[in-house]
Amino acid sequence: MTPHADFGRFFLPGPTEVHPDVLVAMERPVIGHRGPEMRDLLESVDQPLRLLFGTNRPVFISTSSATGFMEASITNLSRRRVLCLVNGAFGARFHAIAERCGRPADRLDVPWGQPNTADELRTALLAEPDRYDLVTVVHSETSTGVLNPVADLCSVVSEFDDVLLAVDGVTSVGGTRIEFDRWGVDFLLTGSQKALALPPGLAFAAASDRALERAASIPSRGFYFDLVEFNRRAGEYSTTNTPAVSLIYALQVQLERIENEGLEARFARHQRMARRTGEWTEELAKSTGQGFEVLALEGFRSPTVTAISLPAGISGPAIVEHLADEGITIATGYGRLKGSAIRIGHMGDHTEAGLEVVLDTATTAIEVATND
Ligand SMILES: *Cc1c(COP(=O)(O)O)cnc(C)c1O
């Protein structure tokens, strides 16, 4: 099937536009989730999911949004105190989840647009070596477009015996290379509706042996999000509860599409779209003589989402609205950056040609806003 004529106009940084072939997959009949057909379906997605996570371990599938597995990482992996690395809204969400789950937690904040660094993490862990047993970090911070140096953070955490690292990979898994095993991550999660370009409703995660041992030692780890159960079920190609079967059909088709493109080609495409969006921002700053800037520090920019801070007097929501009038969807800044930034999601199946249309239309919107 050729892409729908309207495909390629929805550039939110999640949910991401879903290809029509993937949507159609959900029309297959629902099957019993304890039968052989379900087992075959889950077996067919097992290897492709492991490739996306860079792991030889099973990848868990949860019928929930990604936040479910964020909560699971807190309730299953911390007995003592959590250190949450925060450089944006989703890092802060991890801390809020810990508090709401009754787990003591501290924040290590850096300014939005900056990465969380290995040195700062080491200093915090060394200050009181027995204080924390879990560190959380967001790989690609969707609110700022920063890609955190997860491999470096992992090696710091591995210097401490009893500390685990949980990573939110919601806008990185499927958008950039993940090396779960080689980096030595303990828990890494994502959701269906961002870089994987599936409809919302599924979450995926991998857990290390250390993580599973920790989970098994925590009796009050919850029921729906019990990682020990997820691991047991994944090992036999089954699910903990009734899964969203139709979404798993969509997953199967999308994983085939990803394999056909090739992981390296897919990651390179995202990288080129991020670079192009950065160049466009620089051109805009030059041509207008105003302060348009990519929020994320150079060298730490996510390949899947770009946040652009706007000069005073230019409103993010006004630009978003102008694009909406042209049938194109992008996002305003997140949270406190709502008025003063815009965000473009260039993940999933978006093309460079599609991105050019968005950028051209945004240029016009900004010219209109500047002359107002
Ligand atoms: C969207 C997002 C989430 C929340 O995902 P839900 O699927 O809505 O629960 C968490 N972290 C990051 C980085 C995100 O982009």
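One-based numbering, in listed order, for ligands and for the atoms of each.
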ask   = Can Tyr132 and Asp106 be counted as having a side-chain donor-acceptor contact under 3.5 angstrom?
value = yes

key: Distance-only side-chain donor-acceptor flag, Thr239 / His33, under 3.5 Å   = no

ask   = What about the rings of His350 and Phe11, do their centers lie closer together than 6.0 Å?
value = yes

ask   = With no hydrogens and no angle check, do the side chains of Ser172 and Ser140 hold a donor and an acceptor under 3.5 Å apart?
value = no

Donor + acceptor pair across side chains of Gln271, Arg301 (<3.5 Å) = no

ask   = When you look for protein heavy atoms under 4.0 Å from ligand 1, which residues do they belong to?
value = Ser65, Ala66, Thr67, Met70, Phe90, Arg93, Val138, Ser140, Thr142, Asp168, Val170, Thr171, Gln193, Lys194

Residue from Glu282, Glu283, Glu352 passing salt bridge (charged side-chain N to carboxylate O under 4.0 Å, His left out) with Arg276 = Glu283

